[in-house]
Amino acid sequence: MFPISISIEELYSKFVQFPIICTDTRKIVPNSLFFCLKGEKFDGNLFVNEALKKGAKYVITEKNIQKTLFSKSNLSSEILVVDDVLQTLQQLALYHRKQLKIPIIGITGTNGKTTTKELMASVLSKKYKTAFTQGNLNNHIGVPLTILSIKNDDEIAIVEMGANHPGEIAELCQIAQPQYGLITNIGKAHLEGFGTIENIIETKTALYRAAQTLFVNNGEWKMENGEWKIVYYGKNTEISAEIVEMNPFLVIDLFSKKVQTQLTGNYNLSNILGAAAVGRYFNVSNDDICNAIAEYTPQNNRSQIIKKESNTIIADYYNANPTSMKAALENLLQIEAQNRLAILGDMLELGENSVSEHQAVIDFCKENNVETFFIGTHFYHLKNDSFKFFMNVEDCNNYLNNKKIENTFMLIKGSRGIALEHINLCEI
């Protein structure tokens with residue numbers, strides 16, 4: 001029997017029975033639904049039999065796949081055929097979303113959205129069973145997977161949304177349908193895809209146009225009164241805080257309580273306050289909000305503090321753009337330290353703005369007398385005699401093998417594609 005076609009309603013009934021979604025045969029979970037997604041360098045439709053052999057209950061594949069790819073076994077009834085696998089995944093997520101009766105908070109922004117999301121989850125988890133985006137699953141595949149991960153007993157959900165081209169946030173909002181929205185900030189990122197800062201603004205603010213209740217940074221936005229309910233946080237609002245200390249961890253005065261955080265950088269204050277605003281709105285107590293913020297520890301190379309012998313390192317190389325790079329360098333300058341060093345990798349996806357934006361970072365480091373190692377071809381093509389320039393991480397490691405760095409406070413930051421996680425910290 002050849003594999004059968006299936007409707008979204010029929011597929012959803014199977015999802016209710018087997019509510020685990022897999023998209024990678026290397027991570028198959030028994031009795032899951034395997035979606036054969038396609039990318040530039042892979043085609044999940046080629047792994048139908050492997051997914052079934054590894055325990056997938058059903059495999060969702062496309063009609064145009066060659067029949068010869070299916071094994072001649074009695075498993076064919078577990079192969080479900082659709083016109084477009086990605087579109088089906090998104091439609092299934094939307095169908096599931098319409099069954100959910102819980103508050104869903106959407107969050108986007110150029111910088112800080114993942115940290116704010118995780119702080120928010122820490123705060124809301126003090127009172128509610130909270131579902132939230134895991135890791136960086138915030139795109140056209142990640143958002144559907146996040147929605148489909150929300151369980152019947154979850155009481156509230158946070159959905160992170162990212163974008164690298166115009167209109168993408170509006171598309172994600174059509175799937176997630178958030179009633180609540182928070183935009184951390186808007187800056188220069190993915191300019192290669194967006195083209196202009198105006199396109200970035202139009203794309204990101206689609207979240208505010210989709211939601212009914214907005215959480216708004218008073219220092220970042222001014223919203224016109226209209227059909228929204230607006231909760232302001234930050235400067236001159238009830239939800240504000242003062243930085244007490246920053247060396248390197250932030251200590252803040254929040255709700256008249258001194259809170260020792262595990263975060264560095266004054267740029268994280270607005271992320272903290274965004275999470276606090278959401279917590280207050282959903283009736284989490286001030287004490288629980290403060291405790292949740294104090295307990296949160298950043299992961300995944302996002303402003304992590306690493307101690308190495310006599311050196312202290314801010315590992316912040318999950319991503320980088322001109323806005324976050326400047327903020328990180330300004331934070332480095334504010335920290336009391338005997339010696340400072342910045343190891344900076346290229347900022348990717350800047351398109352025609354790449355040369356000017358990389359030059360601006362070099363100029364900033366020179367003007368502020370920051371000892372800096374620059375890594376990557378974009379920086380290397382602008383090299384001068386004031387700093388060390390390396391084509392790649394390997395070249396930098398070769399230099400570090402013969403140089404002992406001691407008693408230094410370091411910032412390591414760059415785009416994920418530069419792979420700064422491979423810098424040999426043993427030599428630092």
Heavy atoms of Thr184 and Asn217 approach each other most closely as O-ND2, 4.5 Å
Verdict with supporting geometry, Phe389 and Tyr380, ring-ring contact (aromatic ring centres under 6.0 Å, His included): CA-CA 6 Å; Phe389 290 83; Tyr380 192 83; 7.1 Å; no
To the closest 0.5 Å, what do you measure between CD1 (Ile252) and CG (Asn268)? 10.0 Å
Are Tyr180 and Tyr281, when compared by the centres of their aromatic rings, separated by less than 6.0 Å? yes
Listed once per pair and sorted, the ring-ring contact (aromatic ring centres under 6.0 Å, His included) pairs that draw on residues 105-129, sequence neighbours left out: none
What's the separation between atom CZ in Phe34 and atom OG1 in Thr25, rounded to the nearest 0.5 Å? 5.5 Å
side-chain contact (heavy atoms from CB on, under 4.5 Å) for Phe364 and Glu330? Distances and angles first, verdict last. CA-CA 10 Å; Phe364 181 92; Glu330 287 175 341; 3.8 Å; yes
Give a yes or no answer on whether the side chain of Ser415 reaches the backbone of Ile418 with a donor-acceptor pair at less than 3.5 Å. no
Lys326 NZ: over 12 foreign heavy atoms closer than 6.0 Å: no
Tyr95 ring center near Phe15 ring center (under 6.0 Å): no
Nearest heavy-atom contact between Ala292 and Ser122 is O-OG, 3.0 Å
Is a donor from one side chain sitting under 3.5 angstrom from an acceptor on the other, for Thr61 and Asn45? yes
Please confirm whether the backbone N or O of Asn384 pairs with a side-chain atom of Ser386, one donor and one acceptor, at under 3.5 Å? no
Among Ile147, Ile105, Ile175, Leu137, exactly one meets side chain to side chain contact (heavy atoms under 4.5 Å, CB included) together with Val159. Which residue is that? Ile147
CD1 of Ile272 to CD1 of Ile289: how many Å apart, nearest 0.5 Å? 12.5 Å
Would you confirm whether Ser310, through its side chain, and Glu406, through its main-chain N or O, come within 3.5 Å as a donor-acceptor pair? no
Nearest 0.5 Å, what's the OG1-CZ distance between Thr312 and Arg340? 12.5 Å
Go through it in stages, so that I can follow the logic: the residues are Leu332 and Phe409, the test is side-chain contact (heavy atoms from CB on, under 4.5 Å), and I'd like the CA-CA distance, side-chain angles, deciding distance and then a yes or no. CA-CA 8 Å; Leu332 178 65; Phe409 202 104; 3.9 Å; yes
Taking atom NZ of Lys258 as the centre, report whether more than 12 heavy atoms of other residues, nucleotides or ligands fall under 6.0 Å from it. no
Less than 4.5 Å apart, any side-chain heavy atom of Cys396 and any of Lys388? no
Looking at Glu202 and Arg209, does any basic side-chain N land under 4.0 Å from a carboxylate oxygen? yes
Less than 4.5 Å apart, side chain to side chain, heavy atoms only: is that true for Thr108 and Thr203? no
Shortest non-hydrogen contact between Leu182 and Met120, atoms and distance: CD1-CE, 4.2 Å
Given 3.5 Å as the limit, does a donor-acceptor pair link the side chain of Lys413 with the main chain of Asn319, or not? yes
Is there a side-chain contact between Gln177 and Ile104 in this structure, where contact means two heavy atoms from C-beta onward sitting under 4.5 Å apart? no
Mutual orientation of the aromatic rings belonging to Phe379 and His358 [parallel < 30°, tilted 30-60°, perpendicular > 60°]: perpendicular
Below 4.5 Å, heavy atoms only, C-beta onward: do Asn286 and Lys257 meet side chain to side chain? no
Do Leu148 and Leu89 touch side chain to side chain, with heavy atoms closer than 4.5 Å? yes
Counting only N and O atoms by type, is there a donor-acceptor contact under 3.5 Å from the side chain of Asn311 to the main-chain atoms of Thr408? yes
How far apart are the C-alpha atoms of Glu421 and Arg416, what are their side-chain angles, what is the distance that settles it, and do they pass the side-chain contact (heavy atoms from CB on, under 4.5 Å) test? CA-CA 9 Å; Glu421 69 273 15; Arg416 179 69 187 82; 2.9 Å; yes
Could you give the distance from OG1 (Thr110) to CG (Asn185), rounded to the nearest 0.5 Å? 5.5 Å
Under 4.5 Å between any side-chain heavy atoms of Ile21 and Leu33, yes or no? yes
Side-chain donor or acceptor of Lys117 paired with backbone N/O of Gln134 under 3.5 Å: no
Could you pull out all residues at least two apart from Thr116 that satisfy side-chain hydrogen bond (donor to acceptor under 3.5 Å, both in side chains)? Asn271
Sidechain N-carboxylate O distance under 4.0 Å for Asp43, Lys38: no
Test side-chain contact (heavy atoms from CB on, under 4.5 Å) on Phe35 and Leu92; report intermediate values, then the result. CA-CA 11 Å; Phe35 280 75; Leu92 183 67; 3.8 Å; yes
Do the side chain of Lys403 and the main chain of Tyr399 share a donor and acceptor less than 3.5 angstrom apart? no
Residues which pass salt bridge (Lys or Arg N to Asp or Glu O under 4.0 Å) with Glu371, listed by chain and number, not counting sequence neighbours: none
Could you report the tightest heavy-atom contact between Cys173 and Met161, atom names first, then the distance? SG-SD, 3.9 Å
Check: Glu62 side chain, Asp84 main-chain N or O, donor-acceptor pair, under 3.5 Å: no
Consider only side-chain N and O atoms of Asn218 and Asn236, and report whether a donor and an acceptor are under 3.5 Å apart. no
Looking only at side chains, do Asp363 and Gln359 share a donor and an acceptor under 3.5 Å apart? yes
Is there side-chain contact between Leu263 and Pro298, with heavy atoms separated by less than 4.5 Å? yes
With no hydrogens and no angle check, do the side chains of Thr264 and Asn331 hold a donor and an acceptor under 3.5 Å apart? yes
Just verifying a value: how many Å separate Leu400 CG and Phe373 CZ, rounded to the nearest 0.5 Å? 6.0 Å
Salt bridge (Lys or Arg N to Asp or Glu O under 4.0 Å) with Arg280: which residues, sequence neighbours excluded? Glu238
Any side-chain to backbone donor/acceptor pair from Ser354 onto Leu350? Under 3.5 Å, distance only. no
Taking the inter-plane angle between the rings of Tyr12 and His96 on a 0 to 90° scale, is it parallel (under 30°), tilted (30 to 60°) or perpendicular (over 60°)? tilted
Pair listing, side chain to side chain donor-acceptor pair (under 3.5 Å) test, anchored in residues 137-152, at least two apart: Asn136-Asn138, Asn138-Glu160
Please name the pair of heavy atoms, one in Ile293 and one in Val123, separated by the smallest distance, quoted to 0.1 Å. CG1-CG2, 4.2 Å
Do Tyr318 and Thr114 get their side chains close enough for a donor-acceptor pair, meaning under 3.5 Å? no
Can you give me every donor-acceptor pair (side chain of residues 240-248, partner residue at least two apart or in another chain, under 3.5 Å) with its distance?
residue: Ser240; atom: OG; partner: Thr237; partner atom: O; Å: 3.4
residue: Asn247; atom: OD1; partner: Glu336; partner atom: N; Å: 3.1

Output yes when a side-chain donor or acceptor of Asn368 lies under 3.5 Å from a complementary backbone atom of Val370, and no otherwise. no
Would you say that Val355 contacts His381 through its side chain, given a criterion of any heavy-atom pair below 4.5 Å between the two side chains? no
Over all heavy atoms of both residues, which pair between Leu420 and Gly345 is shortest? Give the atoms and the distance, please. CD1-N, 3.8 Å
